Amino acid sequence: QEWADFARGESVFPEKLPANVNDQGGISLGSNMEAGTVNKGAPAVTIYYDYMCSWCNYLESQYSSDLTQMATNGDITLVYQPVAVIGDEFSIQAAAAEFYVAEHAPKLYAAFHDALFMTTIPVFLTEDYVGNQPSLENITATAAVVGMSDEEVNKLSEAVTNGTYDTFVESANEQWRANGQQGTPGVLIDDRQLVDWTDGKLLEYASEAAR
C-alpha cells in the first residue's frame with residue numbers, strides 16, 4: 001500500500017508561534033529557501049522527522065538535494081515538520097534548534113537543516129549509534145558553519161539549554177499524534193500520506209504532483 005488517508009487535526013500550538021512556523025509546527029520553504037516562504041500554487045511536500053530516527057536520516061540522505069532543487073525551481077513548497085517523538089535528549093535539542101533558527105535566521109534555516117543531518121547521518125552508519133549520539137556542540141558548530149555569528153550561536157545555545165522552545169517541541173509531538181502519525185518519517189504530498197517513499201517513489205510522486 002503506497003498511500004494512506006490523512007487528515008490534519010486542529011492546531012494544538014499556543015497562539016503565539018515562533019516566526020516562520022505554521023500552526024501545525026511546519027517550516028515551509030519556497031524558491032528562495034527562506035523559512036516561512038511558499039511557492040504559490042505549487043504542491044506541498046511535507047516531511048515529519050526526528051533527528052534521532054534512522055529512517056529519517058536515510059530519507060534525508062536519499063532525497064534532500066532533489067527536494068531542495070524542486071523547491072528552488074518553484075515546483076513544490078517543501079515543508080519540514082520537526083518532532084522529537086523518540087524523546088532522546090538530542091531529538092529534543094535538535095527540534096528546538098530548528099524552531100529557533102527558523103525564527104531568528106530564516107535565510108540560513110535550509111542550510112542549517114541539511115548540515116545538521118550531515119552530523120547525524122554518519123551516526124547511524126556505526127554499530128553503536130546509541131553511545132555515539134551527537135550533542136549540543138554539534139548544533140552550535142553547525143550553526144557557525146552555515147554562517148550564524150558568534151553572538152547568534154551563543155543565543156541559540158542558550159535557548160536550547162534553557163528549554164525556551166521545549167513547549168513548541170511538545171506541541172509538535174502532540175500535533176504529530178493529532179494528525180494520525182504513528183512513526184517517523186511521515187511523508188505527505190498535499191493532503192495524501194505517502195506510505196512507501198523508498199526507491200525513488202517520493203521523487204516520482206512529487207514530480208507528478210508538480211506537473
Side-chain angles (χ1 to χ4, degrees), residues 13 17-51 53 56-83 93-121 134 138-149 151-153 155-156 159-160 165 168-169 172 175 184-191 194 197 200 202-211:
F13 277 80
L17 288 158
N20 309 313
V21 177
N22 69 32
D23 71 355
Q24 294 276 313
I27 301 161
S28 64
L29 296 162
S31 58
N32 63 1
M33 294 311 280
E34 188 174 322
T37 61
V38 298
N39 287 324
K40 247 184 158 167
V45 174
T46 301
I47 297 170
Y48 282 95
Y49 58 93
D50 183 317
Y51 274 97
C53 142
C56 301
N57 279 270
Y58 177 69
L59 184 149
E60 172 78 11
S61 64
Q62 292 292 299
Y63 293 113
S64 162
S65 58
D66 289 317
L67 292 174
T68 297
Q69 194 56 59
M70 288 183 79
T72 305
N73 294 348
D75 298 331
I76 62 169
T77 294
L78 183 54
V79 186
Y80 285 129
Q81 296 268 173
V83 292
Q93 290 178 335
E98 290 262 307
F99 289 132
Y100 180 93
V101 176
E103 176 158 49
H104 295 283
K107 288 182 167 71
L108 299 177
Y109 170 76
F112 175 80
H113 169 90
D114 290 342
L116 192 55
F117 261 116
M118 285 301 125
T119 71
T120 57
I121 288 167
N138 292 93
I139 293 173
T140 54
T142 300
V145 164
V146 300
M148 283 175 85
S149 69
E151 189 190 348
E152 288 174 322
V153 170
K155 284 182 179 167
L156 164 63
V160 172
Y165 285 79
F168 295 115
V169 176
Q175 193 72 54
T184 50
V187 178
L188 313 170
I189 296 178
D190 280 337
D191 287 331
L194 182 59
W197 47 264
L202 170 50
L203 222 52
E204 190 188 313
Y205 288 118
S207 303
E208 200 177 281
R211 285 197 293 273

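Note that the structure is predicted; figures quoted are calculated from it, not measured. For reference, positions follow the sequence shown, starting with 1.
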Open item on the list: Is there a side-chain contact (heavy atoms from CB on, under 4.5 Å) between Y109 and E98? Walk through the geometry before answering.
Closed with: CA-CA 7 Å; Y109 170 76; E98 290 262 307; 2.5 Å; yes
Task: With sequence neighbours excluded, residues passing ring pair (Phe, Tyr, Trp, His ring centres under 6.0 Å) with Y49 - done: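 By the ring pair (Phe, Tyr, Trp, His ring centres under 6.0 Å) rule, Y49 matches Y51, Y80, H113, F117.
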Heavy-atom pair with the smallest gap, counting every atom of [X] and [Y]:
X    : Y    : value
I121 : S61  : CD1-CB, 3.8 Å
W197 : P185 : CZ2-CG, 3.5 Å
I27  : A35  : CG2-CB, 3.7 Å
F99  : G25  : CE2-O, 3.7 Å
A96  : V169 : N-CG2, 3.7 Å

[X]: what forms a side chain to side chain donor-acceptor pair (under 3.5 Å) with it, not counting sequence neighbours?
X    : result
Q62  : none
D114 : S64
Y165 : E103, H104
D23  : none

Open item on the list: Test your reading of the model: is there a side-chain donor-acceptor pair from Y63 to the backbone of T68, 3.5 Å cut-off?
Closed with: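 No, because the side chain of Y63 does not come within donor-acceptor range (under 3.5 Å) of the backbone of T68.
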Can you tell me how far [atom2] of [Y] sits from [atom1] of [X], rounded to the nearest 0.5 angstrom?
X    : Y    : atom1 : atom2 : result
L188 : Y48  : CG    : OH    : 6.0 Å
T184 : Q81  : OG1   : CD    : 12.5 Å
T120 : N138 : OG1   : CG    : 9.0 Å
M70  : L29  : CE    : CG    : 14.0 Å

Quiz: residues 204-211 side-chain donor-acceptor pairs under 3.5 angstrom, not counting sequence neighbours:
residue: Y205; atom: OH; partner: E2; partner atom: OE1; Å: 2.3
residue: S207; atom: OG; partner: L203; partner atom: O; Å: 2.8

Contacts of [X] that satisfy side chain to side chain contact (heavy atoms under 4.5 Å, CB included) - sequence neighbours left out:
X    : result
A141 : none
S149 : E151, E152
A143 : F112, M148, V153, L156

Open item on the list: Restricting to salt bridge (Lys or Arg N to Asp or Glu O under 4.0 Å), what partner residues turn up for D190, sequence neighbours left out?
Closed with: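 Applying salt bridge (Lys or Arg N to Asp or Glu O under 4.0 Å) to D190 gives none.
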Task: Pairwise salt bridge (charged side-chain N to carboxylate O under 4.0 Å, His left out) hits with a residue in residues 56-75, at least two apart - done: none
- [ ] Could you walk me through whether V160 and Y100 pass side-chain contact (heavy atoms from CB on, under 4.5 Å), step by step?
- [x] CA-CA 8 Å; V160 172; Y100 180 93; 5.6 Å; no
Throw together a table of side-chain donor-acceptor distances under 3.5 angstrom for residues 37-44, partners on residues two or more places apart or in other chains.
residue: T37; atom: OG1; partner: G30; partner atom: N; Å: 2.8
residue: T37; atom: OG1; partner: N32; partner atom: OD1; Å: 3.1
residue: T37; atom: OG1; partner: E34; partner atom: O; Å: 2.7
residue: N39; atom: OD1; partner: S31; partner atom: N; Å: 2.9
residue: N39; atom: ND2; partner: A71; partner atom: O; Å: 2.9
residue: N39; atom: ND2; partner: I76; partner atom: O; Å: 2.7

- [ ] Walk me through it: do V101 and V146 pass the test side-chain contact (heavy atoms from CB on, under 4.5 Å)?
- [x] CA-CA 11 Å; V101 176; V146 300; over 6 Å; no
TODO: Can you spot which of T77, T46, L78, V21 makes a side-chain contact (heavy atoms from CB on, under 4.5 Å) with S28?
DONE: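 Considering T77, T46, L78, V21, a side-chain contact (heavy atoms from CB on, under 4.5 Å) with S28 is found only for T77.
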Task: Heavy-atom side-chain proximity of N22 to F13 below 4.5 angstrom - done: no
